[in-house]
Amino acid sequence: MNTKEHKIFFLNNLTVILTTHNSRYNFIFRALDNYEKEYGNYNLQIIISDSGDAKKSEKLQKDIIDKKYNLNIKFIKFTSHQNYESIKRDAYGEVVFEYSKRLQEAIKLIDTEFLVIAADDDFYFPNYFFDSIDYLNNNIDYGCVYGHLLKFTLDKFVPYGKIVNFEISKDNNPPNPWLEDDNFKDRLINLGKNPWSWFSWYAVQRTNILKKATDFAVKNKIDGYLFEKYLSFCNAALYKTKKKNLIYAARQEVERYTNERSNFIPSLWEPFSYKRNKVQLENFVESCILFLKKYRELSYEESKDIVLKIVEKDFNEYKKNDNKEFFRF
């Protein structure tokens with residue numbers, strides 16, 4: 001096969017789940033314009049999951065169709081499920097992001113072997129898709145592939161503007177935690193040695209991993225921040241993970257825009273609390289135990305022993321956040 005035939009073959013096996021909220025109208029078009037430029041000749045499959053207002057969603061969908069992208073685009077109008085009492089934090093507020101049900105809905109439309117989750121303010125570098133799918137095709141014991149992240153900041157948190165800062169993540173390669181051990185127990189222990197990594201969140205991964213993870217997460221009421229962690233757990237339990245020495249994605253940083261914080265993502269920068277999330281944390285532990293029990297055929301007690309060991313470090317950090325809360329206030 002020539003190069004174009006290779007690319008068509010690879011991209012026919014990939015779906016991009018692109019999440020957005022329609023107040024970020026121009027961000028979604030920046031993302032789609034980029035995918036059109038890089039992949040318009042290969043009919044890249046994209047599922048747009050929009051969690052915004054119904055009328056704005058209709059307008060967004062119409063305007064996207066009117067642009068006649070050479071992309072295979074499907075639309076989902078995601079309706080919030082924040083009325084779940086058990087998903088809410090114990091003391092106040094709700095989860096910042098809803099992921100599990102939203103992604104579960106998207107997976108129903110996917111028939112490709114691989115997928116990648118994308119936010120509307122992120123970019124993936126073209127060769128990354130091809131390299132990662134090629135690697136996963138040739139290494140069936142690996143579940144996802146990622147690399148180094150390029151972070152950039154514009155003068156304002158807008159889709160287009162002057163670049164005022166950029167940097168490449170300083171992550172080690174080989175990565176820490178190390179997740180290429182053949183034994184899944186070793187991978188899970190490594191996962192818990194440091195503050196938990198989200199290596200599998202924005203990465204090309206096998207569709208079956210996300211399907212299994214979302215089914216368990218929805219059933220056990222896991223969402224938001226903890227669902228990101230849960231996906232990494234499920235990935236490490238089932239497969240090895242490859243970090244390649246390449247720049248695979250670019251992310252527009254939000255942290256520097258102090259004026260946008262309260263309006264853009266309320267409470268995102270609030271330190272994660274143990275006491276306010278105790279119900280979710282208990283659900284998280286139980287779901288991890290049941291996942292191992294089902295897919296690794298361990299006893300409940302053996303699964304519990306592994307899970308409690310690997311969550312201990314992170315849970316202690318959350319408790320420290322609670323101890324510092326008076327001083328922050």
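Each residue takes its place number in the sequence, starting with 1. Every value quoted in this text rests on a predicted model; they were computed, and no experiment measured them.
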Taking every non-hydrogen atom, the tightest pair across [X] and [Y]:
X	Y	value
L210	Q205	CB-OE1, 4.0 Å
R187	D181	NH1-O, 2.8 Å
Q45	L11	NE2-O, 4.1 Å
N245	H148	OD1-NE2, 2.9 Å
D50	S57	OD2-OG, 2.7 Å

Is there a path from [X] to [Y] through hydrophobic residues (I, L, V, M, F, W, Y) whose side chains come within less than 4.5 Å of each other?
X	Y	answer
I163	F123	yes
W178	L238	no
I140	I209	no

Exercise. Between E105 and F78, does a side-chain contact (heavy atoms from CB on, under 4.5 Å) hold up when you go through it step by step?
Worked result: CA-CA 8 Å; E105 290 181 4; F78 176 72; 3.6 Å; yes

Does a sphere of radius 6.0 Å around [atom1] in [X] hold more than 12 heavy atoms from other residues, nucleotides or ligands, not counting ones at 6.0 Å or beyond?
X	atom1	answer
K151	NZ	no
K240	NZ	yes
K211	NZ	no
K309	NZ	no
Y300	OH	yes

Without swapping roles, check the side chain of [X] against the backbone of [Y] for a donor-acceptor pair under 3.5 Å.
X	Y	answer
Y146	T241	no
S169	L149	yes
T207	T112	yes
T15	I46	no

Would you say [Y] and [X] are linked by a side-chain donor-acceptor pair, where the criterion is simply a distance under 3.5 Å?
X	Y	result
D223	S100	yes
N220	E286	no
S287	Y230	yes
D322	S273	yes
Q252	D122	no
N138	D134	yes

Run the salt-bridge test on [X] and [Y] with the 4.0 Å N-O cut-off and return the result as yes or no.
X	Y	value
E58	K55	no
D63	K59	yes
K219	D215	no
D66	K62	yes

Close side-chain approach of [X] to [Y], heavy-atom, < 4.5 Å:
X	Y	answer
E180	K242	yes
D131	V145	no
N208	E113	no
V307	F233	yes

Problem set entry | Output field: ring centroids F227/W201 closer than 6.0 Å |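 Yes, ring centres under 6.0 Å apart.
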
Problem set entry | Close aromatic pair by centroid cut-off 6.0 Å: Y142 and Y239 |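 No - the distance between ring centres of Y142 and Y239 does not fall below the 6.0 Å cut-off.
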
Exercise. Taking the inter-plane angle between the rings of Y124 and Y248 on a 0 to 90° scale, is it parallel (under 30°), tilted (30 to 60°) or perpendicular (over 60°)?
Worked result: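 Rings of Y124 and Y248: tilted, 30 to 60°.
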
For this session: Give the C-alpha distance, both sets of side-chain angles, the deciding distance and a yes or no for side-chain contact (heavy atoms from CB on, under 4.5 Å) between K244 and N173.
Result: CA-CA 8 Å; K244 302 194 78 172; N173 199 356; 5.9 Å; no

Exercise. Please walk me through it: do K221 and Q280 pass side-chain contact (heavy atoms from CB on, under 4.5 Å)?
Worked result: CA-CA 7 Å; K221 304 294 191 294; Q280 272 213 76; over 6 Å; no

Exercise. Taking the six-membered ring of Y274 as reference, does the NZ or CZ atom of K319 fall below 6.0 Å from its centre and within a 45° cone about the axis?
Worked result: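 Geometry flag: set, cation within 6.0 Å and 45°.
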
Problem set entry | NZ or CZ of R296 within 45° of F184 ring axis and under 6.0 Å |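 Yes, cation above the ring, under 6.0 Å and within 45°.
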
Exercise. Going by the ring pair (Phe, Tyr, Trp, His ring centres under 6.0 Å) test, which pairs reach into residues 26-50, not counting sequence neighbours?
Worked result: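 Qualifying pairs: Y25-F29, F27-F157, Y39-F129.
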
